[in-house]
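Notes follow once the structure below has been shown.
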Amino acid sequence: MTSSSAGSGTNITFLPLSDPRCNSDVCLAFKEAGHASQVEIPFASQFVYGHYTVYYYSTLIFIFSILYLYRRLSAAYEELPEPRTTAWQRTKAIWRFFVYRKFRIGMSFGHAMFIGLAVLFMTVLAFVQRPYLRPRLSYDSPPLGVRTGVMALALIPAIVALSGKYNLVTLVTGISYERLNILHRYLGYICLGLGILHSVAFAIAIYGDSNYWPLLEKVGAAEQYTGLVVLLLLLFLAIFSIPWFRQRFYEAFASSHVAVHIIYLCFMFWHTANRIDTWMYLYATLAISLISNFSRVFLRLKTPRWNGSTATIQDIEGKMLKITVPAFDGMTWNLGQHVYLRFPGVSILENHPFTITSLCEETYVTNKRGVSTRTPLLFLVKSRAGLTKRLMKIAQQRTTLKVFIDGPYGGHQLSLSSRYEQVILVAGGSGISAVLPLFSMLCKRTGRENSTLKRVRLIWAIKNRHALAWVQNDLKEALAMASPGMVEIDLYITGERNGAEQLEFSFEPDDIEIEAGLENGKRISTENDDMEEQRLIPK
Ligand SMILES: Cc1cc2nc3c(=O)[nH]c(=O)nc-3n(C[C@H](O)[C@H](O)[C@H](O)COP(=O)(O)OP(=O)(O)OC[C@H]3O[C@@H](n4cnc5c(N)ncnc54)[C@H](O)[C@@H]3O)c2cc1C
């Protein structure tokens, strides 16, 4: 049976491929060429690249889960360290020396390695198979376009698994969400890169096949337009998450990110139209979101505090706030953990993270009337430009405020006092709030029977001496618990020139002996002329 093109009366069945009217399976040359293109690189074969993408990140997550499990199990049998540093410990220390080092691009070498490896893997995967395009789009979608689209889609479950305060990857690997956040962000950028490649491949294919244009008008429009919307939404998510934008418009970023992500997922369902296994990735994404959110709700239910707590806020020298919240039943936390504080009286929507500076202990504080309460949660909050500035203004007028607590999150599992002989803690300015609980705990452990700790050193750089007032009492309390000669504080005052005046500002002579920053007429480890060092050693 032969066919003629509409209205022209010409038989198109045997037209050569070069004839523009030979643009459907009715034309045998077209049909054969389309078949040959499918034999060379079948459309369905491209979907396996989504599986490779999943294998890639699942393997990494699996390795880290096993390591986490091993660490948790072996912690129970941990023995005291060898009297001398072993070769294995040295190797680990050298490894950490490199991978923890921060680059100017705002990430550590370790993170850069992960991201670099992911970029390399995705690039190789995207370009390994040729041809990238088919001779005509009418034969089928360009392989490069399909492949990169499926790979971008396969990344979505991982991006979501790495997001949020209580995420699935944190749950199985024990790595706290703040350290994973950078991977969440960069996987998002890789997803965007793949999305752009996907769109460019399709754009080139459409542009190069004029025979396809009439077809596009009839059937392809929804697919192309939803694709464009998906790309724009992804672009919005990626651009707004760049630190420059995030730091300047944090509240706008935080409130739009989740909402835009949900719209993005809806459009992805529409755009991918359940081709082969595309919706599996989207279902997996929804499942991961549900698990993370339910875990978070469960965590909140463990410490229900529906009517909030009363926080006491205190202004310290106009720069720092001391916020104290009574520790309620069920509220426990580990060293270095933080919570999100919401002050409905200041801003109902804003939720800000702050590190808990006090230790979670079953010690009780008894007031003048003899009433005992657990050690409260203490926060040292630096006054910045947003909510913290408003809090500072309030602190100058009144002392209590309602607060809702979400958490705790983050922290680390290192048992510093039983593993290491010497611990050096380094803090800059308000970063002391994260280091202080560790310092207090280590001071307490010095000289204990089961502790291998021999020396604790705190290095704290501050702009001016007034900053000492933020934690003066806490440092004094910590030092009072330490064994003599085991703890040392090196204080660097970086923003003042008058060193003599600085030395007048000190702890009580009974608590601490201050060595001036001069030794044999030379400065001790000062790094520039503006800097003066004070060495504080408990007597
Ligand atoms: C895990 C963690 C622990 C922290 N612990 C402490 C602490 O113990 N003491 C302390 O003083 N600061 C801490 N911070 C920083 C503190 O959360 C911000 O300084 C504070 O939220 C700024 O509020 P603002 O509205 O005054 O900020 P702005 O002046 O508006 O912005 C200052 C900076 O804070 C960032 N920021 C603003 N809102 C948030 C938010 N909701 N979540 C995260 N970042 C935000 C902005 O990106 C910007 O870079 C911690 C941050 C994190 C991520």
Side-chain angles (χ1 to χ4, degrees), residues 41 43-61 114-129 132-133 140-163 169 182-206 222-242 257 260-289:
I41 184 160
F43 172 77
S45 70
Q46 298 306 294
F47 285 75
V48 79
Y49 287 91
H51 304 176
Y52 294 150
T53 308
V54 174
Y55 299 153
Y56 174 76
Y57 60 72
S58 304
T59 307
L60 287 177
I61 294 173
F114 260 91
I115 293 161
L117 206 67
V119 171
L120 185 72
F121 182 80
M122 295 298 156
T123 311
V124 170
L125 215 57
F127 291 104
V128 72
Q129 196 182 20
Y132 299 145
L133 304 173
D140 216 330
S141 305
L144 180 69
V146 179
R147 189 154 67 230
T148 47
V150 173
M151 284 163 63
L153 181 66
L155 279 179
I156 301 175
I159 296 171
V160 171
L162 286 164
S163 70
V169 180
I182 190 165
L183 301 179
H184 161 76
R185 193 149 44 89
Y186 274 85
L187 272 197
Y189 298 152
I190 295 174
C191 182
L192 175 66
L194 289 167
I196 291 173
L197 266 178
H198 167 79
S199 310
V200 168
F202 270 93
I204 293 174
I206 292 172
E223 196 176 68
Q224 313 305 326
Y225 297 143
T226 52
L228 189 66
V229 174
V230 160
L231 189 67
L232 289 177
L233 290 171
L234 194 55
L235 207 62
F236 175 89
L237 289 170
I239 289 178
F240 245 78
S241 69
I242 293 172
H257 202 69
V260 173
H261 163 71
I262 293 170
I263 301 172
Y264 168 77
L265 279 186
C266 295
F267 270 92
M268 277 307 269
F269 269 105
W270 191 357
H271 180 61
T272 53
N274 204 12
R275 257 179 236 100
I276 313 234
D277 55 1
T278 47
W279 278 12
M280 286 300 141
Y281 300 106
L282 298 175
Y283 290 143
T285 307
L286 292 181
I288 289 168
S289 293

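Computed from a predicted structure; not experimentally measured.
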Point to revise | Where Tyr56 and Leu117 come nearest, the two heavy atoms and their spacing | key: OH-C, 3.5 Å
Revision key, fill the gap. To the nearest 0.5 Å, atom CD1 of Ile239 lies from atom CG of Leu234 at 10.0 Å
Check your understanding: Heavy atoms, side chains only, cut-off 4.5 Å: are Leu155 and Tyr57 in contact?
Key -> yes
**Study point:** Side-chain heavy atoms of His271 within contact of Thr278, under 4.5 Å
**Key:** no
**Study point:** CG on Asp140 to CZ on Phe43, rounded to 0.5 Å
**Key:** 5.5 Å
Exercise for review: Considering non-hydrogen atoms only, spot the tightest contact between Ala154 and Thr53 and give its length.
Suggested key: CB-CB, 3.9 Å
Donor-acceptor contacts, no H, no angles, side chain residues 184-205, under 3.5 Å, sequence neighbours left out:
residue : atom : partner : partner atom : Å
His184  : ND1  : Ile159  : O            : 2.8
His198  : ND1  : Gly145  : O            : 2.5
Ser199  : OG   : Gly195  : O            : 2.9

Revision key, fill the gap. Quick note, salt bridge (Lys or Arg N to Asp or Glu O under 4.0 Å) partners involving residues 261-283, not counting sequence neighbours, are Glu223-Arg275
Review point. When rounded to the nearest 0.5 angstrom, what is the spacing between CD1 in Ile115 and CG in Leu120?
Key: 13.5 Å
Practice item. Give, for atom OH of Tyr225 and atom CH2 of Trp270, the distance between the pair rounded to the nearest 0.5 Å. Key: 12.0 Å
Review point. Do Tyr281 and Met268 come close enough that some side-chain heavy atom pair is under 4.5 Å?
Key: no
Check your understanding: Just how far is it from atom NE2 of His257 to atom CZ of Phe236, taken to the nearest 0.5 Å?
Key -> 9.5 Å
Revision key, fill the gap. Closest heavy-atom pair, Val146 versus Ser141, reported as atoms and distance to 0.1 Å, is CG2-CB, 3.4 Å
Review point. Is any side-chain heavy atom of Phe267 closer than 4.5 Å to a side-chain heavy atom of Leu232?
Key: no
Study note, to complete from the structure: Taking every heavy atom of Leu125 against every heavy atom of Arg147, the minimum-distance pair comes out as O-NE, 3.7 Å
Review point. Gln129 and Gln46: which non-hydrogen atoms are nearest, and at how many Å?
Key: OE1-NE2, 3.0 Å
Point to revise | Heavy-atom check, side chain of Tyr264 versus side chain of Ile156, under 4.5 Å | key: yes
Check your understanding: Say you draw a straight line from CG of Leu133 to CD1 of Ile41; how long is it, rounded to the nearest 0.5 Å?
Key -> 10.0 Å
Check your understanding: Is any side-chain heavy atom of Leu153 closer than 4.5 Å to a side-chain heavy atom of Leu282?
Key -> yes
Check your understanding: Hey, does the side chain of Tyr132 reach the backbone of Phe127 with a donor-acceptor pair shorter than 3.5 angstrom?
Key -> yes
Check your understanding: Under the 3.5 angstrom rule, does the side chain of Thr148 hit a backbone N or O of Leu144 as a donor-acceptor pair?
Key -> yes
Review point. Is the Tyr49-Tyr52 ring centre distance short of 6.0 angstrom?
Key: yes
Review point. Is Trp279 atom CH2 crowded by more than 12 heavy atoms from other residues, nucleotides or ligands, each under 6.0 Å away?
Key: yes
